[in-house]
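One structure is given here, and the rest of the page talks about it.
The residues of the chain are indexed from 1 along the displayed sequence. Numbering of ligands and ligand atoms starts at 1, following listing order.
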Amino acid sequence: MTAVTELRGVGPRLAERLAKLGIHRVEDLLFHLPLRYQDRTRVVPLGTLQPGMEALVEGEIDHVEVVVRRRRALLVHVSDGTGRLLLRFFHFSRAQQEGLARKGRIRCFGEARRGPACLEIVHPEYSLLDRQAAMTRVEESLHPIYPTTEGISQKVWFNLTTQALERLDTLPDLLPEALAAAHGLPTLHDALRLVHRPPPDIPPSALIEGRHPAQRRLAFEELLAHHLSLARLRRQKRAIAAPPLAGSPELEQGFLETLPFALTGAQQRVCEEIRADLARPRPMLRLVQGDVGSGKTVVAALAALRAVGSGFQAAVMAPTEILAEQHFLKFDEWFSPLGLRVAWLSGSQKAAQRREQMALLADGQAHIAVGTHALFQDEVAFRNLALVIIDEQHRFGVHQRMALRDKGAGADRQPHQLIMTATPIPRTLAMTAYADLDLSVIDELPPGRTPVRTVAIPDSRRAEVVERVARACAEGRQAYWVCTLIEDSEALQCEAAEATWASLTEALPGVRVGLVHGRMKAAEKEAVMQSFKKGDLDLLVATTVIEVGVDVPNASLMVIENAERLGLSQLHQLRGRVGRGSVESACVLMYHPPLSDTARQRLDALRRTTDGFEIARIDLELRGPGEVLGTRQTGSLQFRIADLERDADLVPDIHRAARHLAEADPDCAQALIDRWLGEAEAYGQVG
Ligand code: ADP
Ligand code: MG
């Protein structure tokens with residue numbers, strides 16, 4: 001098929017940006033599928049608007065003002081006779097301000113959230129309506145929202161996919177006809193057309209929930225491609241060598257003696273499984289699942305010592321700067337007394353320091369490297385890397401992981417690989433998601449933990465929750481306040497967190513309130529996290545960036561706003577940030593009523609149990625229509641359209657189909673892999 005540069009409007013700059021996403025051909029564009037849909041087909045009366053709803057609304061501008069708190073903000077008060085709405089702008093031009101100050105009718109689109117006085121939309125898209133025009137048209141069908149990256153707007157995606165769809169005829173349908181027919185699936189062309197440009201006559205709900213046959217058709221093909229690719233990787237793996245690691249029992253014994261605790265039975269068992277793998281001349285590929293707080297770090301440390309004790313190096317990677325630094329400090333504290341050197345590599349460190357750390361790794365003076373993705377950049381060379389440990393792996397997709405591993409070795413030799421995740425994945429899903437890995441489970445928590453007390457409270461009682469935070473802080477304890485927003489835009493997430501920060505700062509004089517969100521520079525984030533850790537801050541307002549791994553034992557209260565819109569496992573992860581010290585901890589799940597049945601069951605499950613596996617089991621059971629919206633952003637795997645939980649019923653057939661296709665038509669199997677996974681690692685960066 002043709003190159004994207006043949007399309008109208010694609011110059012060298014855009015082509016370069018597209019290439020970064022793995023989009024080179026028109027075909028790649030056709031498989032750049034909408035992440036979700038916006039419903040702009042009707043104007044929602046303000047009186048029926050709910051927090052969390054993304055909606056098109058319309059009203060009269062009553063009043064416009066500029067207020068200055070932490071930042072200057074333009075506030076626009078709107079009403080429509082059924083209710084009121086506040087529009088909040090942090091960035092605005094004079095022209096914009098003047099335009100809005102002329103009042104009149106306004107139409108906007110955005111996500112409503114609870115504000116101090118009434119519902120608010122932060123930075124809505126808006127247009128001022130002509131007073132005379134009786135009715136301004138709304139859109140006829142659902143509006144696709146594409147995954148994107150810096151510098152490519154939704155408008156551009158729309159334009160590009162429109163042109164690509166005009167050339168759909170040349171795209172081959174790779175799925176054997178009999179297979180599609182057996183599942184009642186539409187043709188590839190029909191499926192793609194519908195998913196990119198939903199016609200006005202289909203009910204929006206099926207599409208929004210991802211259950212339309214067109215979406216199932218594409219999900220089927222995508223899962224099939226993943227299966228084919230994993231099967232191929234498994235075959236390749238059998239042919240690769242890795243250094244067998246016998247380790248040094250004295251070194252490991254010495255380390256265990258310095259620990260203030262004994263390993264739990266589960267930790268011991270998992271360490272044994274890892275040791276057995278490492279002793280073999282084939283690369284270990286093992287996933288360790290252990291609930292938050294189950295003590296995965298010590299297990300990782302022992303694996304690293306096994307490599308070092310055999311005269312090799314080990315590398316430990318975490319997905320965020322905060323987590324990686326935490327590991328570095330821990331490993332350094334543990335290993336320096338043993339005479340071992342730990343190097344530190346992160347994207348934000350100064351060039352000179354980085355060079356110095358890299359030199360230590362290259363000549364073998366450093367035994368262990370800890371860092372972020374920076375570890376796997378080309379210029380980082382190890383003297384003899386034998387083990388790669390990746391923590392909190394659910395942030396990376398299977399194929400990204402493969403790419404990372406390849407950086408550690410020559411073509412015929414690979415390091416062992418250990419992956420640690422706190423996401424308890426039910427077996428049925430693990431089979432697909434981690435088909436290439438062996439599995440170990442730490443199914444026991446260290447003794448002496450007091451379980452976190454969890455309550456669910458409607459947000460009408462927000463004032464009580466704020467009061468509770470005030471009390472906890474007055475008693476010298478620390479608290480988290482997590483803001484959520486379904487909006488894809490990280491910018492809006494962060495602005496929502498800023499608004500919450502501002503209102504809590506106002507409501508809680510005497511409490512030192514910090515703010516951390518994804519848009520802050522790494523160093524800024526780090527500074528705030530460090531102050532919170534040191535106790536210089538009492539309350540930390542955060543987006544879900546604190547989800548993974550942060551360890552602040554004095555924090556004993558966790559408030560999660562709009563808890564009803566997060567998935568069970570994400571809530572469980574967040575809750576795992578507290579209950580790490582000896583004081584009794586509490587988690588407040590604030591929700592906006594009325595709760596849907598499944599949302600209620602989810603919150604109930606959290607109140608009932610703190611067992612991550614039990615929660616994962618309930619999660620899978622509860623997932624039903626209507627609950628899937630939003631999981632694409634929080635889900636554990638990066639598929640374009642498939643959702644392992646939603647599409648679980650397809651998996652057995654896909655297993656069969658993959659086996660058959662790999663034998664009967666290897667060329668077709670290869671074409672499917674290329675189509676869906678051509679540049680899987682680049683795709684993982686999207687969004
Ligand atoms: P996670 O599995 O979430 O990464 P960590 O490795 O951070 O958990 O461990 C959580 C806490 O439990 C740490 O403070 C750690 O020192 C402690 N810990 C780990 N193993 C044990 C054990 N066997 N007994 C007591 N405390 C332990
Ligand atoms: Mg951890």
task = Would you mind listing which atoms of ligand 1 come within a distance below 4.0 Å of any non-hydrogen atom of Pro446?
result = 20 (N), 21 (C), 22 (C), 24 (N), 25 (C), 26 (N), 27 (C)

ask   = Got an N/O contact under 3.5 Å between Gly293 and ligand 1?
value = yes

message = Counting only heavy atoms, tell me which of Leu445, Thr297, Val298 gets closest to atom 7 (O) of ligand 1.
response = Thr297

ask   = Which is closest to atom 2 (O) of ligand 1 in terms of heavy atoms, Gln326, Lys296, Glu444?
value = Lys296

ask   = Which of the numbered atoms in ligand 1 are below 4.0 angstrom from a heavy atom of Thr264?
value = 23 (N)

inquiry  = If we set the cut-off at 4.0 Å for heavy atoms, which region of Gln267 has an atom near ligand 1: side chain, backbone, both, or neither?
reply    = side chain

task = Mark up the atoms of ligand 1 that fall under 4.0 Å of a heavy atom belonging to Asp291, in ascending order.
result = 2 (O)

message = Heavy-atom contact check, 4.0 Å cutoff: does Gly576 meet ligand 1?
response = no

query = Considering distance alone, does some N or O of Ala262 sit under 3.5 Å from an N or O of ligand 1?
reply = yes

inquiry  = Hydrogens and angles aside, do Glu561 and Thr484 bring a side-chain donor and acceptor to less than 3.5 Å of each other?
reply    = no

ask   = Side chain, backbone, both or neither: which part of Leu263 comes within less than 4.0 Å of ligand 1 when only heavy atoms are counted?
value = backbone

task = Test His572 against every option in Asp611, Thr610, Asp291, Thr609 by the side chain to side chain donor-acceptor pair (under 3.5 Å) rule and name the one that passes.
result = Asp291

request  = May I ask you to check whether over 12 heavy atoms, not counting those of Arg341, lie within 6.0 Å of atom CZ?
outcome  = no

key: Arg275/Glu272 ion pair, N-O < 4.0 Å   = yes

Pair Ser585-Arg453, side-chain donor/acceptor within less than 3.5 Å = no

query = Do Glu325 and Lys525 sit within salt-bridge range, that is, some charged N less than 4.0 Å from a carboxylate O?
reply = no

ask   = Can you find a side-chain donor-acceptor pair between Arg607 and Thr454 that sits under 3.5 Å?
value = no

query = Does Leu259 reach ligand 1, in the sense of a heavy atom lying below 4.0 Å from it?
reply = no

ask   = Looking only at distance, does Gly295 have an N or O less than 3.5 Å from an N or O of ligand 1?
value = yes

ask   = Taking Phe328 as the fixed residue, which of Trp334, Trp344, Phe335 is the one that meets the ring pair (Phe, Tyr, Trp, His ring centres under 6.0 Å) rule?
value = Trp344

task = For ligand 1, indicate whether the residue Asp391 contacts it via side chain, backbone, both or neither (heavy-atom separation under 4.0 Å).
result = neither

